[in-house]
There are 2 protein chains.
Amino acid sequence: MELVRIYECLCDHTRLRILNLLSKGPLCVCHFQEVLREPQVKISKHLGYLRERGLVECERQGNWMIYSLPAKQPRELAANLACLQDCAQDDSTFRRDIAQLKKLSPELTESSPCGCITAGTARRR
Amino acid sequence: MELVRIYECLCDHTRLRILNLLSKGPLCVCHFQEVLREPQVKISKHLGYLRERGLVECERQGNWMIYSLPAKQPRELAANLACLQDCAQDDSTFRRDIAQLKKLSPELTESSPCGCITAGTARRR
DNA sequence: AGAGAATATACCTCAAGAGGAATGTTATTA
DNA sequence: TAATAACATTCCTCTTGAGGTATATTCTCT
């Protein structure tokens, strides 16, 4: 995987926030919307961008698309994602996002796919 | 230092090569030209870009501008430069650049500023 | 089959930045 | 002081990508 391609993915704030959330586990699009508070198009396009370049994988689960970090990562990618995680700890936005994520779905890993089954009713826009 | 700003600096191949060379120590512009075999404008502009964003520092030494990595680096920058160095080891271009650098000026650290005193006569374009 | 929910894509506008040609700037040397 | 070396900057063209609006696609459920 080309180093430059990786860095191109990392040089947008929204994408960094997405990758930061994904470090905690798979998520569906509506969760990103909930946590990041950004319009659907924006999130969907950034996810598409990351997917095309192999920074994330996705799988359909009924009506939901579950995004996750690649199961098998080339060394350069793993190293940079680890570095990002390290740096994210110092940043208030990233920390707040994680806090918000836990708040929205404390049961995340327990409930079905990604806790989305109830998320539909919880969303308002 | 904003993470995104750092990544913006890293998402160009020429800049990565520059930073890779700088990891071995300070260098002047003519050395970059020698090793990277890229036109002067291109190198100068990328160095300017990196300088504006605090990824490199420079100091005039007579006719030469000596570029180096910042003496004092914020954590995010240090982490990412370290990560880059780690990844660069797997890449043939980066390895070749370093080899070329050593070949051009094996005495680098011993001779004056950056070994540039003789570099002028060595260049041909 | 039809409706609605979740997500993706097309199309448009705007800004940033890459690369090159020409020219400017600063310092050294004759 | 004039010439030259080493760099920087300006101006121009072209591509990429960000963000938004509107619309399409894919499932699920009734």
Side-chain angles (χ1 to χ4, degrees), chain A residues 2 4-5 7-18 26-34 36-53 55-68 112-125, chain B residues 2 4-5 7-18 26-34 36-53 55-68 112-125:
Chain A
E2 277 265 19
V4 172
R5 300 289 154 255
Y7 290 128
E8 282 172 351
C9 288
L10 300 182
C11 65
D12 177 273
H13 193 232
T14 304
R15 287 198 289 266
L16 288 186
R17 294 176 76 193
I18 287 176
L27 282 177
C28 68
V29 182
C30 60
H31 269 98
F32 290 116
Q33 290 179 238
E34 276 291 316
L36 305 187
R37 292 273 157 200
E38 297 280 0
Q40 185 255 327
V41 209
K42 186 169 174 179
I43 289 181
S44 183
K45 284 206 286 190
H46 281 303
L47 285 170
Y49 186 103
L50 292 170
R51 179 159 36 85
E52 278 175 0
R53 287 159 180 79
L55 279 256
V56 304
E57 290 172 348
C58 69
E59 177 195 10
R60 180 177 281 277
Q61 192 115 5
N63 240 331
W64 296 275
M65 290 295 287
I66 315 290
Y67 281 83
S68 56
S112 34
C114 62
C116 267
I117 273 53
T118 57
T121 53
R123 297 201 44 250
R124 44 234 105 174
R125 307 199 181 178
Chain B
E2 278 264 19
V4 172
R5 300 288 154 257
Y7 290 128
E8 282 172 351
C9 288
L10 300 183
C11 67
D12 177 273
H13 193 232
T14 304
R15 288 198 289 265
L16 287 186
R17 295 176 75 193
I18 288 176
L27 281 177
C28 69
V29 182
C30 59
H31 271 97
F32 291 116
Q33 289 179 238
E34 277 290 317
L36 305 187
R37 293 272 158 199
E38 297 280 1
Q40 185 254 327
V41 209
K42 186 169 174 179
I43 289 181
S44 182
K45 284 206 287 189
H46 281 302
L47 284 170
Y49 186 103
L50 292 171
R51 179 160 35 87
E52 277 175 0
R53 287 161 180 77
L55 280 255
V56 303
E57 290 173 350
C58 70
E59 179 196 7
R60 179 177 281 277
Q61 191 115 4
N63 240 331
W64 297 277
M65 292 294 287
I66 314 291
Y67 281 83
S68 56
S112 36
C114 63
C116 266
I117 272 55
T118 57
T121 53
R123 295 201 47 250
R124 48 234 105 176
R125 308 196 181 182

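Just so we're on the same page: letters track the sequence lines, and every chain starts at 1.
Proximity of A:Cys28 to A:Tyr67: side-chain heavy atoms (C-beta onward) are nowhere separated by under 4.5 Å. The shortest distance between side-chain heavy atoms of B:Tyr7 and A:Glu8 does not fall below 4.5 Å.
Between the side chain of A:Gln40 and the base of C:dA8 there is at least one donor-acceptor pair of N/O atoms closer than 3.5 Å.
Residue A:Arg15 places at least one side-chain N or O closer than 4.0 Å to OP1 or OP2 of D:dA18.
The NZ-P distance, from A:Lys45 to D:dG20, rounds to 9 Å in whole Å. With rounding to whole Å, A:Glu52 atom CD is found 13 Å from D:dT16 atom P. Rounded to a whole Å, the CZ atom of A:Arg53 is 5 Å from the P atom of D:dG17. C:dG19 atom C1' lies 7 Å from atom NZ of B:Lys42, rounded to whole Å. B:Glu8 places its CD atom 12 Å from the C1' atom of D:dG17, with the value rounded to the nearest Å. Rounding to whole angstrom units, CD1 of residue B:Ile43 and P of D:dT9 are separated by 15 Å. Rounded to whole Å, atom C1' of D:dT16 lies 21 Å from atom OH of B:Tyr7. Look at OH on A:Tyr67: it is 11 Å from C1' on C:dA6, rounded to the nearest Å.
Partners of A:Arg60 under the side-chain hydrogen bond (donor to acceptor under 3.5 Å, both in side chains) rule, at least two apart in sequence or in another chain, do not exist in this structure.
Looking at heavy-atom distances under 4.0 Å, B:Phe32 makes no contact with the nucleic acid at all. The residue A:Arg5 sits apart from the nucleic acid: no heavy atom pair falls under 4.0 Å.
Note that A:Arg53 lies in the cation-pi zone of A:Tyr49, set by a 6.0 Å cut-off to the ring centre and a 45° limit from the axis.
The side chain of B:Asn63 sits closest to C:dT26 out of C:dT26, C:dT7, D:dC7. Proximity note for B:Tyr49 (side chain, C-beta onward) versus D:dA6, D:dT21, C:dA18: the nearest is C:dA18. Side-chain proximity of A:Asp12 to D:dG19, C:dA8, D:dC7: nearest is D:dG19. Distances from the side chain of A:Val29 to the nucleotides C:dA18, C:dA8, D:dT26 place C:dA8 closest.
Take the nearest nucleotide of DNA chain D for A:His46 and for A:Arg60: the residue whose nucleotide is more 5' is A:His46.
Formation of a donor-acceptor pair under 3.5 Å by the B:Arg15 side chain with backbone atoms of B:Leu10 is not found in this model.
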